Structures are given as structure tokens and as C-alpha cells.
2 protein chains.
Amino acid sequence: MRVPVERAMQVCPVEVAVSVLGGAWKLTLVKYLLEGTHRFGELGRRVPTANTKTLTRQLRELEQDGIVARKVFQQVPPKVEYSLTEWGLSLAPLVALMNEWGTAFVDSPPSSR
Amino acid sequence: MRVPVERAMQVCPVEVAVSVLGGAWKLTLVKYLLEGTHRFGELGRRVPTANTKTLTRQLRELEQDGIVARKVFQQVPPKVEYSLTEWGLSLAPLVALMNEWGTAFVDSPPSSR
DNA sequence: CAGTATCCTTCAAGATACTG
DNA sequence: CAGTATCTTGAAGGATACTG
């Protein structure tokens with residue numbers, strides 16, 4: 001985490017959001033989870049550039065921040081399901097907006113890029 | 001920048017937005033610039049936790065990404081004004097949403113925090 | 001005033017290999 | 001299947017001092 005939430009809130013609320021959601025692939029994971037529950041492996045296949053260690057880390061941080069819920073099924077082979085909490089679901093408008101903005105940005109990038 | 005834009009777009013548009021805006025204090029700077037043009041020193045006073053080097057770096061990256069415009073007045077003492085480009089202005093709804101979300105998050109954080 | 005120039009620390013992210 | 005365990009590296013961010 002670049003800036004801890006406690007410190008971010010001293011500065012500005014938007015910084016809090018960045019602190020919670022700014023990690024690599026975090027918002028992408030939220031976007032996929034908005035479609036519904038996913039297993040660990042499914043998420044890994046949808047974010048192929050992240051390896052298992054990175055993926056685990058992001059998901060644990062999101063869980064810690066109350067965005068994601070993790071449900072372990074005690075069975076062999078193991079099964080773990082990830083879903084969104086209420087706080088996670090509340091991100092839907094934000095994710096939609098960022099998705100639009102990002103799409104527009106790559107479609108017609110500023111001349112300086 | 002954690003993930004280069006070029007790589008982010010391979011994965012997901014939301015990751016592009018994170019890549020452009022995810023740096024420390026970047027979105028806060030945009031938020032202030034939405035209020036109007038600022039001089040370098042003014043921005044520094046509004047984000048007191050960032051030192052001049054960090055501030056310069058963020059502003060230059062935002063300029064490079066076409067979010068911020070930098071206008072130098074050739075005079076002594078020097079004067080530099082920062083403002084938003086069209087792309088920067090287009091972030092207004094996003095910033096507002098993140099500001100709301102961040103505020104709500106610190107007001108009633110999830111029990112896991 | 002608006003930065004540079006250095007130096008430094010930390011840590012996120014990835015590569016790779018292994019396990020209950 | 002869903003992770004750990006190690007190791008490495010790049011770069012972000014900060015502290016401090018200096019300058020046109």
C-alpha cells in the first residue's frame with residue numbers, strides 16, 4: 001500500500017479511495033467480482049498478468065479493507081470463493097465510470113502520449 | 001507508476017485509469033485544480049505531506065498523460081501556473097465520486113478495519 | 001518562487017519452486 | 001486447487017540541501 005488509509009485521510013478523502021483501490025489489479029478484480037462470485041483460479045485466469053502471490057496479496061488486502069469476502073470450503077481439492085461485501089458492491093458506479101474513462105483514454109489518448 | 005498504461009490496457013480499461021491517476025496525491029491535485037488554476041507553491045501548501053520533488057514528479061506525470069497543463073511565466077521571481085486540460089476536466093465526476101466514497105469509508109469503516 | 005540534485009529506504013510486484 | 005516460501009529488482013516516495 002503506497003499511502004496508509006490513516007495517513008491518506010489526513011490529506012483528502014479521494015486519497016483514501018486511492019489507498020484502498022489503487023493497488024495493481026485491485027479494481028479489475030472488483031470489476032469481475034461485480035459480475036458475481038469467483039473462485040481463486042477463475043480470477044487468476046481473468047488477470048493473467050498477475051501471478052498467484054500477487055493475486056493472493058491483493059485479495060487479502062481487499063478483504064482486510066472490507067471490500068471482498070472470502071469463503072473457504074473445507075474439502076479436497078480445496079475451494080475458495082470470493083465475493084463482494086456491501087462496501088464492495090458500493091463501488092459499482094465508480095468502477096463503471098473508471099471503465100468508461102479508461103476506454104476513452106486509450107481510444108483517443110491526449111497528444112502528449 | 002506501478003503498471004505502465006500500455007500494459008494496463010492489455011488487461012482492463014479500469015487499470016488504465018488507475019495507472020494514470022493512482023500515484024500518491026495525483027487525484028488530490030486534480031481535485032484542487034478542478035477549483036481553478038494554481039501556482040506550484042499553492043499546490044504545495046494544500047498537499048503538505050508531499051515534498052517539492054514528489055510534487056514536481058506527480059505534476060510532470062500528469063502533464064505527460066495530458067491531464068494537466070503547465071504554463072511558465074518568464075519573469076523574476078518565477079511563476080508557474082497549473083491548470084487542467086480537457087482530459088483533466090473530464091475527471092470531475094470521477095473525483096466527486098471518489099471523494100464521496102472516501103468520505104463514507106472513513107466515516108463508517110468496515111468492521112474488518 | 002519553483003524547482004534540481006543527491007542520497008536513501010522501503011516495498012510492491014514478479015519469477016520460480018514447492019505443498020497440504 | 002489454492003495457495004506458501006524465497007529471492008530479486010525496480011521504482012516510488014521522501015529527506016535534505018542547493019540554485020537561477
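What you see is a predicted model; the values in this text were computed from it and never measured. Note on naming: letters A, B, ... go to the chains in the order of the sequence lines (proteins, then strands), and numbering restarts at 1 for each one.
- At whole-Å resolution of the value, CD in B/Gln74 and P in C/dG3 are 12 Å apart.
- Rounded to an integer number of Å, the gap from A/Leu55 CG to D/dC1 C1' is 13 Å.
- Atom CG of B/Asn51 is separated from atom P of C/dT6 by 17 Å (rounded to the nearest Å).
- Residue A/Arg7 places none of its side-chain N or O atoms closer than 4.0 Å to OP1 or OP2 of D/dG13.
- Counted within 6.0 Å of CD on A/Glu35, heavy atoms from surrounding residues, nucleotides or ligands total more than 12; the atom is thus considered enclosed.
- Distances shorter than 4.0 Å separate some side-chain N or O of B/Arg60 from OP1 or OP2 on C/dG3.
- No more than 12 heavy-atom neighbours from other residues, nucleotides or ligands sit within 6.0 angstrom of CD on B/Glu86.
- Along DNA chain D, the nucleotide nearest A/Pro78 and the nucleotide nearest A/Thr56 are compared for position; the residue whose nucleotide lies closer to the 5' end is A/Pro78.
- Side-chain to base pairing of B/Thr52 with C/dT4: one donor and one acceptor N or O lie within less than 3.5 Å of each other.
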Applying the Watson-Crick and G-U criteria (both distances under 3.5 angstrom) with [ ] for crossing and | for other-strand pairs, one obtains for DNA chain C ||||||||||||||||||||
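- Note that OG1 of A/Thr28 is 11.0 Å distant from CG of A/Leu43, once rounded to the nearest 0.5 Å.
- Near DNA chain D, defined here as any heavy-atom distance below 4.0 Å, the residues from residues 30-43 of chain A are A/Arg39, A/Phe40, A/Gly41, listed numerically.
- Taking each heavy atom of B/Gly66 and B/Thr85 in turn, the nearest pair found is O-OG1, 2.5 Å.
- Within the structure, every side-chain polar atom (N or O) of A/Arg45 is placed at least 4.0 Å from both OP1 and OP2 of D/dA2.
- The residue among B/Arg70 and A/Trp25 whose nearest nucleotide of DNA chain C lies closer to the 5′ end is B/Arg70.
- One atom, NZ of A/Lys79, and another, C1' of D/dG3, lie 17 Å apart when rounded to the nearest Å.
- B/Tyr82 comes within 4.0 angstrom of the backbone, heavy atoms only, and of no base.
- Between A/Gln58 and the phosphate of C/dA13, there is a side-chain N or O to OP1/OP2 separation shorter than 4.0 Å.
- Shortest non-hydrogen contact noted between A/Glu42 and A/Arg39 is OE1-N, 2.6 Å.
- In this structure, B/Tyr82 and B/Phe40 have tilted ring planes: the angle between them lies in the 30° to 60° band.
- Between A/Lys53 and B/Lys53, the residue whose closest nucleotide on DNA chain C is further toward the 5' end is B/Lys53.
- Distance CG (A/Leu29) to P (C/dA13): 11 Å, rounded to an integer number of Å.
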